[in-house]
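Comments concern the structure below.
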Amino acid sequence: FHFLNQSSLSDSPSRAQRDLPYQSFDISRGAEQLRVMGVRYYMAQSDNAIAAARSSYLLTEVATAPPFVIFQVKGSDLVQALPVEPVVTAGETEEEAGPAANKFDIGWVSQAVAYFNNPSGFNAMPAEDGPDSWKRVGTLLPGDGEPVERATVSNIEAGTSTISFDVDQVGTPVLVKASYFPNWKADGADGPWRVGPNLMVVVPTANHVELGYG
C-alpha cells in the first residue's frame, strides 16, 4: 500500500514491489490515500508535485524546508468514525483468478488494493471479516455498504502499544488507522477486524474503547 501511494504522489516513483497495479501521479488520489492511512504530512519536492499539492483541498501548506514544501493532510485523524458499514469481501479464489494472476489479484487483498487505488470511488471499505450483520460479497462494488449514524470520536490517545478513544454512541463502526495484526485486542468494542488497506475497524460496545497490542 505504501508503494501504491508513493506511485500516486511521485514524479519518479521507485515501484519497488513487483506485480502491483501502479498508477501515475495524481494528487487527488494520492491525498485521499494519505487520509485513509492516517498520514499527517506530505512533503513535495518537484515543481509539479508542489503546484499540484497547492491546488488540493485535502492539503494545506504549513512549512518549507528546501527543497521540500510541507503540507498537512486534512482528515487524517488516527481514529475516525465511519458513515457506512464495511463490506466483508472474499475476492476471487486462485482458481477463479486464473493462472496469470498474482497474489494481489486473489482474495481480500485484491479488494483492498482496488479500494486503495480509488478511495473516493467506493462507499464502503472492504473488510476481511466482521459481524454477521455486515454484507458479504465476492467483489466490492461502488454502491455497497449500509449507511449508519456516524459517531463522534474524542479523546484520542496513542501510546507505544495502545490506542484509546471515546465515542458518543455505540454500535457503529470506527476506523483505527494502525496496521492490523492478530495481537491487537479491544476492550469496550467488538473486533478489531482487518479492513483495507490493512487497517483496523471496531464496533464500540461502550463509550470508552481501548486497544492494546500484546
task = Give a yes-or-no answer on whether the side chains of Gln6 and Ser14 include a donor-acceptor pair shorter than 3.5 Å.
result = yes
Any donor-acceptor N or O pair under 3.5 Å, side chains Arg40, Ser76 = no
inquiry  = Lys135 vs Glu85, test: salt bridge (charged side-chain N to carboxylate O under 4.0 Å, His left out). Steps then yes/no.
reply    = CA-CA 8 Å; Lys135 183 179 180 182; Glu85 284 183 348; over 6 Å; no
Verify the cluster assignment for [X] and [Y]: are they in a single hydrophobic cluster under the rule of side-chain heavy atoms below 4.5 Å apart?
| X | Y | result |
| --- | --- | --- |
| Val209 | Val203 | no |
| Trp193 | Leu211 | no |
| Met37 | Phe181 | no |
| Leu82 | Val195 | yes |
| Leu59 | Phe25 | yes |

How long is the gap from [atom1] on [X] to [atom2] on [Y], to the nearest 0.5 Å?
| X | Y | atom1 | atom2 | answer |
| --- | --- | --- | --- | --- |
| Thr205 | Asp187 | OG1 | CG | 8.0 Å |
| Gln80 | Phe165 | CD | CZ | 12.0 Å |
| Leu175 | Leu199 | CG | CG | 5.5 Å |
| Asp166 | Asn155 | CG | CG | 4.5 Å |
| Asn198 | Trp108 | CG | CH2 | 5.0 Å |
| Ser8 | Phe3 | OG | CZ | 13.5 Å |

Is the shortest side-chain heavy-atom distance between [X] and [Y] below 4.5 Å?
| X | Y | value |
| --- | --- | --- |
| Phe1 | Gln17 | no |
| Trp134 | Pro173 | yes |
| Thr89 | Tyr115 | no |
| Lys74 | Thr60 | yes |
| Asp77 | Val153 | no |
| Glu61 | Val69 | yes |
| Pro197 | Met125 | yes |
| Pro192 | Val176 | no |

message = Using the rule given for side-chain contact (heavy atoms from CB on, under 4.5 Å), can you reason through Val36 versus Lys177, listing the C-alpha separation, both sets of side-chain angles and the distance that settles it, and then say yes or no?
response = CA-CA 8 Å; Val36 168; Lys177 299 175 184 178; over 6 Å; no
request  = Could you walk me through whether Asp129 and Arg136 pass the salt bridge (charged side-chain N to carboxylate O under 4.0 Å, His left out) test, one step at a time?
outcome  = CA-CA 9 Å; Asp129 199 3; Arg136 263 67 177 169; 3.5 Å; yes
Okay, side chain of [X], backbone of [Y]: is any donor-acceptor separation there less than 3.5 Å?
| X | Y | result |
| --- | --- | --- |
| Ser7 | Leu4 | no |
| Gln169 | Glu149 | yes |
| Asp11 | Asn48 | no |
| Gln72 | Val62 | no |
| Arg29 | Ser24 | yes |

inquiry  = For Arg35 and Glu32: C-alpha separation, side-chain torsions, deciding distance, then whether salt bridge (charged side-chain N to carboxylate O under 4.0 Å, His left out) applies.
reply    = CA-CA 5 Å; Arg35 180 164 68 168; Glu32 286 279 3; 3.1 Å; yes
On a heavy-atom basis, which atom in [X] and which in [Y] lie closest, and how many Å separate them?
| X | Y | result |
| --- | --- | --- |
| Gly214 | Asn183 | O-ND2, 3.1 Å |
| Ala186 | Gly191 | CB-O, 3.6 Å |
| Pro67 | Ile50 | O-CD1, 4.5 Å |
| Tyr42 | Leu9 | OH-O, 3.0 Å |
| Ala158 | Leu78 | CB-CD2, 3.7 Å |
| Pro126 | Ala112 | CG-CA, 3.8 Å |

message = Can you confirm whether Gln23 is buried at CD, in the sense that more than 12 heavy atoms of other residues, nucleotides or ligands lie under 6.0 Å from that atom?
response = yes
task = Kindly indicate, with the supporting measurements, whether the criterion side-chain contact (heavy atoms from CB on, under 4.5 Å) is fulfilled by Val87 and Gln111.
result = CA-CA 10 Å; Val87 173; Gln111 304 304 291; over 6 Å; no
Audit row: Phe122, Leu141, side-chain contact (heavy atoms from CB on, under 4.5 Å) steps and yes/no = CA-CA 7 Å; Phe122 295 91; Leu141 298 177; 5.9 Å; no
task = Quick one: do Asn5 and Leu34 satisfy side-chain contact (heavy atoms from CB on, under 4.5 Å)? Show the steps, please.
result = CA-CA 7 Å; Asn5 180 234; Leu34 290 175; 3.3 Å; yes
request  = Can you label the angle between the Trp184 ring and the Tyr213 ring as parallel, tilted or perpendicular, going by 30° and 60°?
outcome  = perpendicular
